[in-house]
**Q** 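First the structure, which I've put down as structure tokens, then a few questions once you've had a look.
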Amino acid sequence: NGQQEDGKILIGAAMSSFSDKGQTYLQDGVREFDAENDDVEVLMTDAKDDAAVQLNQIETLLVKGVDAIFIVPVDISALKPVFKKCKEDGVKVVIGNRMPAEELWGEFDVYTGSESIQAGILQAEWVAEAMQPEGGKVGIIMGPLGHEAARMRTEGNKQIFAKYDNIEIVMDAEGKWDRAKGMQIAENWIQSGANLDAVLCNNDEMAIGALLAAEGANLADDAIIIAGVDATPDALEYLGAGLDVTVFQNMNAQGYNGAIAAYKLAKGESVEKWDWIPFETVTPENMSEYK
Amino acid sequence: MNTEYVLEMKGVSKSFPGVKALKGVDLAIKKGTVHALMGENGAGKSTLMKVLYGIHQPDEGEIIFKGEPYEVKSPIDALTIGVSMIPQEISPVPNLTVASNVFLGKEIISKRGLKLLNQKKMVIETQKLFDELGIDIDPSVMMSKISIANAQLVAIATAVSYNADLVVMDEPTSALTDKEIDKLYKIIRDLKEKKNIAVIYISHKLDEIFSICDEVSVIRDGEFIGSDSIENFDKERLINMMVGRTMDEFFHKEEAEIGDVVLDVKNLTLSKKFEDVSFTLRQGEVLGVAGLMGAGRTEVMEAIFGYRPAESGEIFIDGIKAEISEPSDAIRHGIAFVTEDRKQTGIFPDLSIKDNIIMPDIDAYLKNGLLNGKKIKENCQEQREAIAIKTPTLEQLIKNLSGGNQQKVLISRWLLTTPEVLILDEPTRGIDVGAKSEIHRLIGELAKMGKSIIMVSSEMPEILSMSDRVMVMFEGKCSGIISREEATQEKILQLATGEKLSL
Amino acid sequence: MSQQKILSRPSVGAFMSKYGIVVIFVGLCIILSIMSPVFLSMRNITNVIRQVSIIGIVSMGVTFAIITTGIDLSSGSMIALISVVVATLSQNAMNPDQPVSIVMPIAIAVAISLLLGIILGAVNGTLTAFGKIPPFIATLGMMTVARGAAALYTRGRPVGDLKETFTFIGTGSIFGIPLPIWIYLAMGILAHILLSKTKFGRHVFAIGGNEQAARICGINVEKTLVKVYAFAGFLTAVSAILLTARTSAGNPTYGLSYELDAIASTVIGGTSLSGGVGSIPFCVIGALIIGVLNNGMDLMGVNAYWQQIAKGVIIVAAVLIDARKQKRG
Amino acid sequence: MSQQKILSRPSVGAFMSKYGIVVIFVGLCIILSIMSPVFLSMRNITNVIRQVSIIGIVSMGVTFAIITTGIDLSSGSMIALISVVVATLSQNAMNPDQPVSIVMPIAIAVAISLLLGIILGAVNGTLTAFGKIPPFIATLGMMTVARGAAALYTRGRPVGDLKETFTFIGTGSIFGIPLPIWIYLAMGILAHILLSKTKFGRHVFAIGGNEQAARICGINVEKTLVKVYAFAGFLTAVSAILLTARTSAGNPTYGLSYELDAIASTVIGGTSLSGGVGSIPFCVIGALIIGVLNNGMDLMGVNAYWQQIAKGVIIVAAVLIDARKQKRG
Ligand SMILES: Nc1ncnc2c1ncn2[C@@H]1O[C@H](COP(=O)(O)OP(=O)(O)OP(=O)(O)O)[C@@H](O)[C@H]1O
Ligand SMILES: Nc1ncnc2c1ncn2[C@@H]1O[C@H](COP(=O)(O)OP(=O)(O)OP(=O)(O)O)[C@@H](O)[C@H]1O
Ligand SMILES: [Mg+2]
Ligand SMILES: [Mg+2]
């Protein structure tokens, strides 16, 4: 089974983005595994959120002769050619963090993570419950239009709110994951007199932006529900102080487990196909567990 | 040290890739004299002056200025030491006012407070300078709004305003007519007599040299040929030194057979530019167009060519009304137009001589839709030989040619479109005697071949020696058309200044 | 442009050809105030200006660069780098998780950041002036390098927990007007005076209008260019500090494609990309047009997809209608 | 540049001043092949060229635009829009979840997409040629609009499940060489001939070199510009189709900031942003330099942050060393 000349196992880790904070924790997990095991070398690449770049990098990793590959897909719908290439080279594939569509389940060896849509569902479920019995109006600040996580989280929000007659999504805008942009949008929404009862953000950075906007407008903490996703250390600081809920996903574990799975596959060991690391709702009540 | 000289250049050499522009040139300028620097196009006059002004660094040679070794790395150094220059290609900053252009690099700053610009004072000072020099331009107007002639006057004023010991004027009169030239003469005399400032004067117009200069130096092909006081020269000797052979300054056109009316322009009008201009042009005829600066001659030609179409009026070609709304229409009707401003509307600086030549007529060089390199080369080579374009190769970028040679390339460009009507706007501006004479001969030959030619010119002798008829314009109107036999300098000047002809 | 005096009597045509973009701006504001009544509320107006201030300050430096026929693509990334640097120097306490973290007085942290901006800008200027490489490439290189350096400096993570004294720069008010607006105003006045009333400004126009002429008049083109980019870097640093203070965090992802918004503001404000023409007040109008558009569409709750489309169309339309249209290039 | 032939005897200096960037490229390849032995493997070479093809094809259109003193910022967004359009027309089956989904023969889907590219490009060209707005603004507007339209068209979702006959364009090989490489080659030859051997190409140079003189020579500047941008749009569409076929999906996020890479390739290839100068073969070299850099650093496993920094530095260094340096602007 494919070992390199120096006896080390070479694992390719094709990451989606190095500038997405959540992803950096996943990458840390991979690095941890790399550091702990002397017989492994991990080659990590940064696709900069570009599916074509990721495909290029996977090709490059295959040329380099990796024994197994761990992929955090930029775009789950652009995975077909990736699987084809890996199959041609007989390289085992671990997918992390973003789940491929059902018809592709036969194409990879291990999945570690959960379903992106779950984050949006958990976030909206909590917000919807908190809004009862009056219900009200919500706004969604989205990540970059068309971005996988942004799309699925928004989708999850919408699925839940569709079940409530007294909740209406009245605003949506593109915050591009950016705190300043989220802040600007929230400021404008507050000015608009739309009197939103809740603002759901596709990530914590934008949620922090929204709560800074609310603070700036002297809105009382309980006048508006602000929800994020990621449970970043910064967000935990604000949780209970403007931010009402966020959703945690153990990125570090996803990275670490993904790397282990790739390592085992490379050595020819068998690995459980589904490694579920579910999302968890984080509120001021249970936040101490996540610090 | 000989204190008689303000400047001595010894053995100055300068090479460009593929060209040795200066080969050990010597030049000595006496204090308080006007020194003509003469030579054919491409002889190296401008290059020598650019070395002096710090734009180019010499490869070898020594320069002594006011008895001291002179080393300049940039124009700043030259200006500080006491050399100012009017460059050949006058190049103002278009979006600044005239006053700002005059004071560029030496802005007046308010003494007190924040050291901000003192705009008012600069305008006043500029006005003072202009008054002193007898220049009538509003200092607070945008540079882009004034004519080339006025821009040239501004450049002259700017160079004079530095209080330098030596002022270099590289073809200062190329865009001026006689009236402004007289102003320049006065300015130069004042510099020389009142301030004891020396002037290096470059021009291709021999009359100017004899009217204003005290001494003459000649360079040919980058080599120093000789230097002498003006009294020891006559035109013939000067030309002989420059060109290496004797020739006439002006070619005297032979009679050509004049045929039917080819071009008939009726009541052409473009508001604020020209009004009700009508004239005819016959086959084999050379129609000279005279007038003062700003008379609107260029605009009429641009209108005929469709570059800036007239608002009303008609143009008939061979008796048939022609609709000309853009240059391609004019080209299709067999009209060619060599514009007066090479840099603005003439050359494609970064393209080769060949590409510059074929541009208006590319269709003629297509084979199966692609350019036919062989035919291009043949035709261009023919032209190069026919009108002696001085260049190492036809692949040379046109921007590396001297001004006169650029002009020849532009004439070739239009000759190859085989036009019936040739409009030449200031065809010999900035061109040396040799080339000028060649272009005049060319005009004569073309007329003989049955081509019709409109020649706009501000040089009276050129108009008088070349034209079959002369049209004179004044303030946008045709003030008269006179035949070759009737034409005299006085009559043309009278018409050009709006007076009635005294019989 | 401030450089142009109206010739002859002021006619409607002359007015429009000088102030066309102002008319367009006013028109846009009228339309938006009809469609959204809160648009003209005092609160929303301060809101918009505060939002505009970040891009607005950057775009003034870009204006200088563009007048010299240059460009500055590095501003967005420089904002990211300076934001993380100033953040790591302004934290409440040392953060052991972070590669770099130093506690120091705010004034020093701000001074260091401004200096960093000036240095990075001067590098841009030196590359283009002395290295003779197109400013597009010099600043594109800086764009890539600065963003990489920002990510490297913090391992790709944001830096929060900033001192109140620092965040006050972005969130505080004086006489009821937010500090960012005061700073925008101050920078605007500074830039305007520099550009239109000093020798330096005159030289900037001269270089852009005709570099050869500038050289012949004894202007030190290289030095002036370095100063131009250094000044742009300084303004970028001011923006970065404002942004960091306003959001209470530095982040290597900040400022993404701000350079395009800044350039767009500048060009909408009539600065010609072929150089030699431009002014600061009009650049402010340009930035306000973009800011008002973003604000108005958020106020109206325009769908995110349509927002983008509308923004593109309106920017093009504004320049298309503007009678001062620059020539292509 | 193809426009320049070596004068007199070919000397080392003249060679370097003409082919300096080629030497730099070869040097870069040598260094990379020493540092990573697989770099020069046949597989990796096809790999790199295939990867470069997408930006490479776009950059040839950008070269045309830049030679006319223009620019094209819209290519990245146009790739996104065309990718989703061609994807919705090339799916295996109708997809009821999607706003638009039509099943049709691949040839027609491709033809429609190419036409769309040409039309969008022609809109750019018309805005700048007839609307007299700077191409920077015209294409910036298109950049924003096209991305918004792409997101709107698919409600922000990617479009997958494409026919094998379609994905073959991006994944198939002929004579062992991947189709994208063949297409890159074909487009390169087409663009090179157009630029250097046809009337249209000469007019492109003429407009960039001296627009006024071009008019005097009877060139229809406006029509030529529209053609230039339409051709750039066509090449962008080719790229978009390749990208979609290669990744088996269309996505409104595709092509983000590809325009900058394309412009960088062009400028590294010696095309002057001040117009009038440029060539296709050198533009290919420019694209290869960027592609080889990305590939080589991935092969060596250089840390992503350092990669960015190194990339920025090397691009600037390449242009700095290049003896053909264009003048600033
Ligand atoms: N930058 C340059 N690169 C290459 N060759 C040059 C350059 N500048 C000048 N030359 C060449 O040097 C020679 C001298 O040119 P220069 O401009 O000095 O002539 P000149 O005597 O001023 O001519 P003219 O009367 O036409 O102005 C010419 O052959 C010209 O082609
Ligand atoms: N000082 C000025 N300010 C503004 N416009 C001017 C000025 N001088 C001339 N013009 C404009 O330029 C027009 C013609 O100028 P131009 O110099 O092209 O005329 P011309 O007769 O062709 O002279 P020449 O060919 O000798 O330069 C005039 O009709 C006038 O409108
Ligand atoms: Mg000369
Ligand atoms: Mg004229």
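Proteins come first, then strands; the chains are lettered A, B, ... in the order of their sequence lines, and each starts at number 1.
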**Q** With a 4.5 angstrom heavy-atom cut-off, which part of Pro252(C) approaches chain A: side chain, backbone, both or neither?
**A**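 Looking at Pro252(C), nothing touches chain A.
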**Q** Heavy-atom distance under 4.5 Å to chain C: side chain of Glu174(A), backbone, both or neither?
**A**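 Both the backbone and the side chain of Glu174(A) come within 4.5 Å of chain C.
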**Q** With a 4.5 angstrom heavy-atom cut-off, is it the side chain or the backbone of Asn294(C) that approaches chain A, or both, or neither?
**A**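 Both parts, heavy atoms under 4.5 Å.
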**Q** Measure Val48(C) against the heavy atoms of chain A and call it side chain, backbone, both or neither at under 4.5 Å.
**A**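 For Val48(C), neither part sits under 4.5 Å from chain A.
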**Q** Going through the checks in order, is the side-chain hydrogen bond (donor to acceptor under 3.5 Å, both in side chains) test met by Ser90(C) and Lys163(C)?
**A** CA-CA 6 Å; Ser90(C) 310; Lys163(C) 288 182 193 154; over 6 Å; no
**Q** Taking 4.5 Å as the heavy-atom cut-off, does anything in residues 177-206 of chain A contact chain C, and if so which residues?
**A**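 Answer by number: Asp178(A), Arg179(A), Ala180(A), Met183(A), Gln184(A), Ile185(A), Glu187(A), Asn188(A), Trp189(A), Ile190(A), Gln191(A), Ser192(A), Glu205(A).
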**Q** Is Asp20(A) close to chain C through its backbone or its side chain, or both, or neither, when contacts mean heavy atoms under 4.5 Å?
**A**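 When you check distances to chain C, no heavy atom of Asp20(A) falls under 4.5 Å.
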**Q** Whether the Glu215(A) and Tyr238(A) side chains hold a donor-acceptor pair (N or O, under 3.5 Å, no angle test) is what I'd like checked.
**A**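 Judged by distance alone, the side chains do not pair up.
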**Q** I'd like to check Val159(C) versus Thr244(C) (side-chain heavy atoms, cut-off strictly below 4.5 Å). Are they in contact?
**A**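 Contact flag for Val159(C)/Thr244(C) side chains = no.
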**Q** Heavy-atom cut-off 4.5 Å, strictly under: side chain, backbone, both or neither for Thr247(C) against chain A?
**A**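 The answer is both parts of Thr247(C).
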**Q** Between Ala150(C) and chain A, with a heavy-atom cut-off of 4.5 Å, which part of the residue counts as in contact: side chain, backbone, both or neither?
**A**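 Neither part; nothing is under 4.5 Å.
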**Q** For the atom pair OH (Tyr153(C)) and OG (Ser83(C)), what is the distance rounded to the nearest 0.5 Å?
**A**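 Between atom OH of Tyr153(C) and atom OG of Ser83(C) there are 10.5 Å.
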**Q** Select one option (side chain, backbone, both, neither) describing which atoms of Phe39(C) are under 4.5 Å from chain A's heavy atoms.
**A**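 For Phe39(C), no heavy atom lies under 4.5 Å from chain A.
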**Q** Hey, what do you get for CD1 (Ile314(C)) to CD1 (Ile309(C)), rounding to the nearest 0.5 Å?
**A**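 Output value for this atom pair is 11.5 Å.
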**Q** So Ser77(A) and Asp75(A), side-chain hydrogen bond (donor to acceptor under 3.5 Å, both in side chains) or not? Walk me through it.
**A** CA-CA 5 Å; Ser77(A) 54; Asp75(A) 182 354; 2.6 Å; yes
**Q** Hey, which of Pro37(C), Ser36(C), Gly160(C), Gly156(C) has the most heavy atom pairs under 4.5 Å with chain A?
**A**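 That would be Gly156(C).
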**Q** Of the backbone (N, CA, C, O) and the side chain (C-beta and beyond), which part of Asp172(A) lies under 4.5 Å from a heavy atom of chain C, both, or neither?
**A**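 Backbone plus side chain of Asp172(A), per the 4.5 Å heavy-atom cut-off to chain C.
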**Q** Strictly below 4.0 Å, N to O, side chains only: are Arg31(A) and Asp34(A) in salt-bridge contact?
**A**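 The answer is no: the pair does not qualify as a salt bridge.
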**Q** Applying side-chain hydrogen bond (donor to acceptor under 3.5 Å, both in side chains), run through Thr253(C) and Asn251(C) and close with a yes or a no.
**A** CA-CA 5 Å; Thr253(C) 61; Asn251(C) 195 326; 3.0 Å; yes
**Q** Does the side chain of Glu259(C) come within less than 4.5 Å of Thr139(C)'s, by heavy atoms?
**A**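 Result no, sub-4.5 Å side-chain heavy-atom pair not found.
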**Q** If you measure only the distance, is there a donor-acceptor pair under 3.5 Å linking the side chains of Asn97(A) and Gln254(A)?
**A**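 Yes, Gln254(A) and Asn97(A) have a side-chain donor paired with an acceptor closer than 3.5 Å.
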**Q** Can you measure from OH (Tyr184(C)) to CE (Met60(C)) and round to the nearest 0.5 angstrom?
**A**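 Between atom OH of Tyr184(C) and atom CE of Met60(C) there are 6.0 Å.
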**Q** Checking an interface table here. Which of residues 243-253 of chain A come within a heavy-atom distance under 4.5 Å of chain C?
**A**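 Residues in range: none.
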**Q** Please rank Arg43(C), Gln307(C), Met297(C), Arg157(C) by heavy-atom pairs under 4.5 Å with chain A and give me the top one.
**A**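 Most pairs with chain A among the choices: Arg157(C).
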**Q** To the nearest 0.5 Å, tell me how far Met143(C) CE sits from Ile137(C) CD1.
**A**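 That separation rounds to 11.5 Å.
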**Q** Side-chain donor-acceptor pair under 3.5 Å between Glu134(A) and Asn166(A), yes or no?
**A**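 Distance-only check fails for Glu134(A) and Asn166(A).
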**Q** How far does CD1 of Ile285(C) sit from CD1 of Ile268(C), to the nearest 0.5 angstrom?
**A**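 If we round to the nearest 0.5 Å, Ile285(C):CD1 and Ile268(C):CD1 are 11.5 Å apart.
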**Q** Go through the atoms of Arg50(C) and report whether side chain, backbone, both or neither lie under 4.5 Å from a heavy atom of chain A.
**A**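 It is the side chain, since no backbone atom gets that close.
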**Q** Are a donor atom and an acceptor atom from the side chains of Ser74(C) and Asp72(C) found within less than 3.5 Å of each other?
**A**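 There is such a pair (donor and acceptor under 3.5 Å, judged by atom type) between the side chains of Ser74(C) and Asp72(C).
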**Q** Quick one: do the Asn47(C) and Asn44(C) side chains pair a donor with an acceptor below 3.5 Å?
**A**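 Distance-only check passes for Asn47(C) and Asn44(C).
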**Q** So for Ala213(A), is it side chain, backbone, both, or neither that comes closer than 4.5 Å to the heavy atoms of chain C?
**A**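 Neither part; nothing is under 4.5 Å.
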